[in-house]
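This report concerns only the one structure given below.
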Amino acid sequence: LQRYIEHPRLRRGLRWWAMPWVMAPAILRCWRRHGFDLLRCHSPLYLGPACLLAQRLGVKAPLVVHVHHLDEDERARTRLEVAVARRASLVVTDSAWSKGRLVAHGVWPHRVRVVHCGVSPAYRPAAIRTWAGGVIVAVGPLIPRKRPLELIRMVAAIPPTAGPRLLVWLGDGPLGPAAMEEARRLGVSFAWLRTWSDEAKRALFSVATVFAHAATVEGFPLAPLEAMGCGVPVVAFKAGPMPEMIGCGGEEGILCHDADIFSRALALRLVYPREAELMGWFAAKRVEENFRISHMVAGLRAVYAEAAR
């Protein structure tokens with residue numbers, strides 16, 4: 001399918017237009033030759049129309065659609081994903097918050113199943129955590145939804161009495177140069193790592209004081225879960241699925257209502273590193289009990305078995 005992903009002359013993707021006509025006949029051929037019990041669509045945007053067309057062409061298997069979250073700023077995309085979800089036998093989403101958004105757009109609630117994402121057992125507290133001063137870590141693409149510029153401003157608002165701090169961002173994206181310029185303008189020590197390995201990410205978590213998650217619209221982000229699994233407390237906004245992930249008791253992380261409280265929460269973690277370390281222990285315990293890959297696999301198996309009955 002490579003020639004459909006990027007046109008050699010247009011230099012842009014054609015997969016949305018090509019997928020229904022390429023994949024639907026392929027799904028039908030597989031159905032006729034081998035048969036299968038379940039049709040799983042992991043991308044309602046790109047594969048949803050192909051799966052629906054395959055069913056119209058004669059595939060009788062039930063359709064299970066996975067929806068991470070609805071990007072409601074892109075109305076055309078949201079309408080397409082909702083249209084596919086409405087026609088599925090079951091819909092899998094990764095947070096109760098995402099389920100609420102699907103239901104608000106007209107998807108029947110009794111068809112939606114929540115299966116939280118899980119992280120690898122490799123993300124666990126390091127045997128020896130190294131104190132490296134005030135290291136604030138953020139992970140994700142540098143795009144508007146992740147709000148990197150807002151995070152830099154909140155770090156800049158931390159009082160000088162909290163001591164030195166370094167904001168490390170792992171991830172590439174179009175807002176990278178703007179983030180560098182904003183950090184330079186506000187005097188924030190900012191390290192931008194465009195590429196990394198899982199081993200390097202875990203090594204960074206082992207010296208991190210706190211993980212900062214500034215996004216407010218996410219399905220169930222993996223990066224905060226990975227940090228929690230490594231024993232790093234998370235500061236995030238009380239929005240989207242974050243209360244499901246962190247909990248509202250204040251033991252595993254801090255949920256904030258506005259930017260000012262976010263800055264103060266980061267400052268508290270920098271001033272009191274021992275308390276941050278204790279909070280990280282509770283965060284790792286929460287991940288171990290609720291958000292490992294084994295939990296996610298068990299949930300998906302149950303949903304697929306239900307759909308295939």
Side-chain angles (χ1 to χ4, degrees), residues 16 19 37-52 55 61-120 139-141 143 145-147 213 215-226 228-229 234 236-248 253 255 286-287 289-309:
W16 192 91
M19 280 296 180
D37 301 311
L38 183 73
L39 182 57
R40 173 188 178 271
C41 174
H42 73 275
S43 172
L45 178 64
Y46 294 110
L47 289 173
C51 292
L52 294 178
Q55 288 186 320
L63 174 63
V64 175
V65 172
H66 287 247
V67 179
H68 178 56
H69 74 278
L70 296 176
D71 193 348
E72 298 181 56
D73 290 335
E74 299 186 21
R75 296 182 180 180
R77 173 175 180 161
T78 296
R79 284 198 295 268
L80 177 59
E81 291 181 330
V82 168
V84 173
R86 284 176 176 173
R87 291 163 175 79
S89 300
L90 290 177
V91 179
V92 179
T93 191
D94 45 21
S95 68
W97 176 80
S98 292
K99 177 179 178 178
R101 301 314 306 151
L102 286 165
V103 172
H105 281 80
V107 180
W108 288 104
H110 67 274
R111 293 186 181 178
V112 184
R113 303 290 182 269
V114 175
V115 179
H116 290 124
C117 296
V119 296
S120 166
V139 178
I143 57 177
R145 177 164 53 85
K146 294 294 184 179
R147 306 178 73 222
H213 184 73
T216 56
V217 180
E218 294 275 325
F220 204 76
L222 279 178
L225 270 185
E226 293 170 344
M228 290 171 63
V234 173
F237 284 101
K238 193 175 183 179
M242 299 311 294
E244 299 173 57
M245 181 185 299
I246 298 176
C248 297
L255 296 173
R286 183 174 178 85
V287 168
E289 294 175 350
N290 300 281
F291 302 123
R292 286 297 180 198
I293 286 181
S294 57
H295 301 118
M296 180 181 68
V297 170
L300 292 177
R301 286 175 63 93
V303 174
Y304 296 160
E306 178 187 358
R309 280 201 295 266

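In this chain, numbering begins with 1 at the start of the sequence shown.
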Looking only at heavy atoms, the pair that brings Val65 and Pro44 closest together is CG1-CB, 3.8 Å
Listing request: all salt bridge (charged side-chain N to carboxylate O under 4.0 Å, His left out) pairs with a residue in residues 87-111, at least two apart in sequence or in separate chains. Glu72-Arg101
Which pair of heavy atoms, one from Leu38 and one from Ala307, lies closest together, and at what distance? CD1-CB, 3.8 Å
For Val139 and Ala223 the tightest heavy-atom approach is CB-CB, 3.7 Å
Val217 and Trp97, any side-chain heavy atoms less than 4.5 Å apart: yes
Other residues, nucleotides, ligands: >12 heavy atoms within 6.0 Å of Asn290 CG: yes
Rounded to the nearest 0.5 Å, the CG atom of Leu90 sits from the NE2 atom of His110 at a distance of 9.0 Å
So, do Pro49 and Leu80 sit near enough that their side-chain heavy atoms are less than 4.5 Å apart? yes
With sequence neighbours excluded, tell me which residues meet ring-ring contact (aromatic ring centres under 6.0 Å, His included) with His116. Phe220, Phe291
Could you give the distance from CG (Leu102) to CG (Leu70), rounded to the nearest 0.5 Å? 4.5 Å
Return the set of residues passing side chain to side chain donor-acceptor pair (under 3.5 Å) with Arg292 (not counting sequence neighbours), or none when no residue passes. Glu288
Might you point out which heavy atoms bring Ala96 and Glu244 nearest each other, and give the distance in Å? N-OE1, 2.9 Å
Below 4.5 Å, heavy atoms only, C-beta onward: do Pro241 and Pro221 meet side chain to side chain? yes
Shortest non-hydrogen pair, Val91 vs Ala85, comes out as CG2-O, 3.5 Å
Intermediate values then yes/no, side-chain contact (heavy atoms from CB on, under 4.5 Å), Glu218 and Lys146: CA-CA 9 Å; Glu218 294 275 325; Lys146 294 294 184 179; 3.1 Å; yes
Between Gly118 and Leu222, what is the shortest heavy-atom contact and its length? O-CD2, 3.8 Å
Output for pair (Arg147 CZ, His213 NE2), nearest 0.5 Å, gives 10.0 Å
Kindly indicate whether the side chain of Glu81, heavy atoms from C-beta on, has any atom under 4.5 Å from the side chain of His105. no
Just so I know, are the side chains of Arg309 and Pro62 near enough to count as touching, which here means a heavy-atom distance under 4.5 Å? no
Say whether, by atom type as modelled, one donor and one acceptor occur between the side chain of Thr78 and the main chain of Asp71 under 3.5 angstrom. yes
Rounded to the nearest 0.5 Å, what separation is found between the CG atom of Leu255 and the CE atom of Met245? 10.5 Å
Is Ser98 reaching over with its side chain to a backbone N or O of His69, donor-acceptor style, under 3.5 angstrom? no
Do the non-hydrogen side-chain atoms of Val119 and Ile293 ever get within less than 4.5 Å of each other? no
Kindly compute the distance separating CG (Leu45) from CE (Met19), expressed to the nearest 0.5 Å. 10.5 Å
Under 3.5 Å, side chain of Arg40 to main-chain N/O of His66, donor-acceptor pair present? no
